[in-house]
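First the proteins, then the strands, lettered A, B, ... as listed; each starts at 1.
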Amino acid sequence: MPASTAVSLSKVSRVFGPVTALDGIDLDVRPGEFFAMLGPSGSGKTTCLRLVAGFEQPSSGRVAIFGEDVTGVPPYRRAVNTVFQDYALFPHFDVRDNVAYPLMLRKVSKAERHAAAEAALEMVRLSGYGARRPAQLSGGQRQRVALARAIVARPKVLLLDEPLGALDLKLRESMQEELKSLQRALGLTFVFVTHDQGEALSMADRIAVFSAGRIEQVGSPEDVYRRPANRFVADFVGSANILPPGLVARLAGERRWASLRPEDVRLVACEGADPALVGRITARSYLGASTRLALDLGGLSVHVVRPAGELLPTEGPVAIAFEREALHLMEREA
Amino acid sequence: MTRPPRRPGGSLADALWRRPGLLAALLLALPVLWLVVVYLGSLAALLVQSFYALDDFSGLVVEEFTLATYAQLFTAANLAIIQRTVLMAAAVTLASAVVAFPIAYVAARYARGWRKAAFYLAVMLPLWSSYLVKVYAWKLILAKEGILTWAFAKVGLTPLLEAVLAIPGIGGNSLSVSYIGTFLVFLYVWLPYMILPMQAALERVPTNLLDASADLGARPGETFRHVILPLALPGVVAGSIFTFSLTLGDYIIPQIVGSSRLFIGQAVYTQQGTAGNVPLAAAFTMVPIAIMGLYLWGAKRAGAFDAL
């Protein structure tokens, strides 16, 4: 079978005692893709990753990697490697031996595996750190070592479990770019788990949004951000405003829930505005590049984000306005 | 907001809070008095004694520096005692490690909740009863008329038992008067001291390191060799220090179960008691201390504590 999918899950469920962590998931990851599994904690995204790595077995369903059924295959026989959330570096090895570990297991000669480890370390910009112990490195450096160790044996798929979770903001941003360019350079399939929607949107080619053991939507960052399938996705990915069916029927003629991005909303004068879109400002926070306002529209709470420098009303009633295209009617009910 | 009112004793608490070093000194004062002054002091007194010698005619200790007592220690008969004891301690330690590891591993990796409590109880329970009672119980178990002989006969393995007892050097008339018997009792009595530190060390090996090892291609045996064993080694060494030093110094077990040949502990006991030769007893006591020092130094050199 020609492998048109890198990772394929079909009807996969995972039950831990009374808890259903995954509930009949179907998912296909394409070869060479940067794929994100996004969701709040407890949504099943990490369990999903562990099923692909082989640390967990599905209660039912099948898992395939490049067309090969790996259900029931232990992790050490799978062509996938994992970058762990807390890095999981071996404390009793130096950096070089950590990175060379998969090659040592494959009985590669010492000289060869040390050369390969050094090359992998160079790729993550850590050349010259081979003789240090993991304990002597900073969080960001450990993260890179974990990355080098996971790619040194050239897996078919690289799994990353919240890889940037423990890093500070600045480091996280630079690592995002680095991961992306590393993925392009290696031409590898990356599957990464995150609860940070910004990270998923900026790095991934496609995103699967998880909630309560199910996948709510799979699509490009643009898809899940602009065209969320339901209220959960709209709310979780970028905290959209959610408008109830009654209001949407008046505005767009269809009785459905709709999402509206805060940055698509303008503030206008009250005269001549739809009375349902008139309200007052309840909170204001300065975000540097923009300002975020909370509005109360007769009981409906709406957030508005305006670029810095725009003159904003400080008191009194205001009205909101937006383009019809900004209003996204949602397909399903969450 | 008002500050909480000062209560009696508050100024002491404040003073200690301001000077954490003082608190540490207060906490350490008694233990230091005990360990340094009493323990190390008596050890030093012992060391000094070992450099005195017994006057053969008067039977009194001559308080003059001499190496005569150590010369006496290294005579063939006394060296045989040392060799016997060290071999026994090494055998007991090795066997304890082999027997304890699976038990400690299962307890650390798989036991949770009441099963873990049951494990601790099972390991500690033998420590609750008197050591002498246990040793005498073993004497009965191992005796010629004991339950082991009976059990071997029941399953038709008497020839096997006889073959084992016929092994020269470690065999004997029955298990209770052979080195094998002494070894079995040592193994039983000291086993908890090996299991507990091992289990603690194994428990500290993070599960995600085992996941990572498997993920990178290590079969379970390889994960054990490359990750679990090196990280648990400090615990194994800690356990072996217990079993090794306890066996080196014990004088009751070999007296009750085993042949009549002496171990270091018994030699110390006889020399300072019946024979009244305190210098030789002191010299004998220095042997386990020296061996343990060498053992720890060797373990450190071999990297046993690198994972700490």
Side-chain angles (χ1 to χ4, degrees), chain A residues 17 46 49-56 70 73-94 97-108 113 117 120 133-135 142 145-162, chain B residues 97 101 104-106 108-116 197-240 296 298-308:
Chain A
T46 297
L49 196 81
R50 291 177 64 81
L51 283 168
V52 179
F55 305 136
E56 308 275 354
V70 294
V73 173
Y76 48 91
R77 284 196 225 289
R78 297 190 184 198
V80 298
N81 283 157
T82 308
V83 177
F84 290 82
Q85 182 171 15
D86 43 10
Y87 321 131
L89 299 178
F90 302 119
H92 56 303
F93 292 154
D94 61 20
D97 284 340
N98 260 287
V99 177
Y101 187 72
L103 303 177
M104 179 197 71
L105 295 168
R106 287 172 176 75
K107 312 274 185 276
V108 175
R113 65 176 193 252
R133 288 285 176 129
R142 282 181 220 179
V145 175
L147 197 58
R149 186 179 66 174
I151 59 174
V152 76
R154 302 287 150 153
K156 286 183 178 163
V157 179
L158 187 71
L159 307 176
L160 304 106
D161 184 9
E162 301 267 3
Chain B
F101 205 96
Y105 188 79
V106 170
R109 281 270 158 260
Y110 305 110
R112 294 285 173 274
W114 70 268
R115 286 189 187 85
K116 183 146 253 168
M198 248 186 194
Q199 186 255 355
L202 284 168
E203 210 149 77
R204 277 198 301 269
V205 178
T207 322
N208 69 354
L209 291 187
L210 310 186
D211 279 349
S213 177
D215 183 70
L216 296 164
R219 280 171 279 129
E222 292 171 317
T223 296
F224 178 81
R225 205 164 65 241
H226 298 305
V227 180
I228 298 175
L229 200 58
L231 290 178
L233 206 56
V236 179
V237 172
S240 71
L296 281 179
K300 185 165 170 19
R301 282 287 302 264
F305 306 114
D306 285 6
L308 280 182

Undergrad: Before giving the answer on side chain to side chain contact (heavy atoms under 4.5 Å, CB included), spell out for L105(A) and H226(B) the whole-Å C-alpha distance, their side-chain angles and the decisive distance to 0.1 Å.
TA: CA-CA 10 Å; L105(A) 295 168; H226(B) 298 305; 3.9 Å; yes
Undergrad: Starting from the C-alpha separation in whole Å, work towards a yes-or-no answer on side chain to side chain contact (heavy atoms under 4.5 Å, CB included) for D211(B) and R50(A).
TA: CA-CA 10 Å; D211(B) 279 349; R50(A) 291 177 64 81; 3.3 Å; yes
Undergrad: Tell me, out of N208(B), D215(B), L209(B), who's got the most heavy-atom pairs with chain A below 4.5 Å.
TA: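 Ranked by heavy-atom pairs under 4.5 Å with chain A, first place is D215(B).
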Undergrad: Do you know the tightest heavy-atom contact between G217(B) and Y76(A)?
TA: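 The answer is C-CB, 3.6 Å.
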Undergrad: Heavy-atom pairs under 4.5 Å with chain B - which of P155(A), P75(A), G54(A) has more of them than the others?
TA: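 Looking at each option in turn, the highest pair count goes to P75(A).
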Undergrad: Could you report the tightest heavy-atom contact between Y101(A) and S213(B), atom names first, then the distance?
TA: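 Result for this residue pair: OH-OG, 2.7 Å.
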Undergrad: Look at L159(A), V152(A), L103(A), D86(A) and state which one has the largest set of heavy-atom pairs under 4.5 Å with chain B.
TA: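 Between L159(A), V152(A), L103(A), D86(A), the count favours D86(A).
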Undergrad: Might you confirm whether atom NZ of K116(B) has over 12 heavy atoms from other residues, nucleotides or ligands at distances under 6.0 Å?
TA: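 Check passes, neighbour count above 12.
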Undergrad: Identify which part of F93(A) has an atom lying under 4.5 Å from any heavy atom of chain B, answering side chain, backbone, both or neither.
TA: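 Answer is side chain: those atoms of F93(A) sit under 4.5 Å from chain B.
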Undergrad: Heavy-atom distances under 4.5 Å only: say whether L89(A) touches chain B with side chain, backbone, both or neither.
TA: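 Backbone of L89(A) only, per the 4.5 Å heavy-atom cut-off to chain B.
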Undergrad: Considering residues, nucleotides and ligands other than R301(B), do more than 12 of their heavy atoms fall under 6.0 Å from its CZ?
TA: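 Not buried by this count: 12 neighbours or fewer within 6.0 Å.
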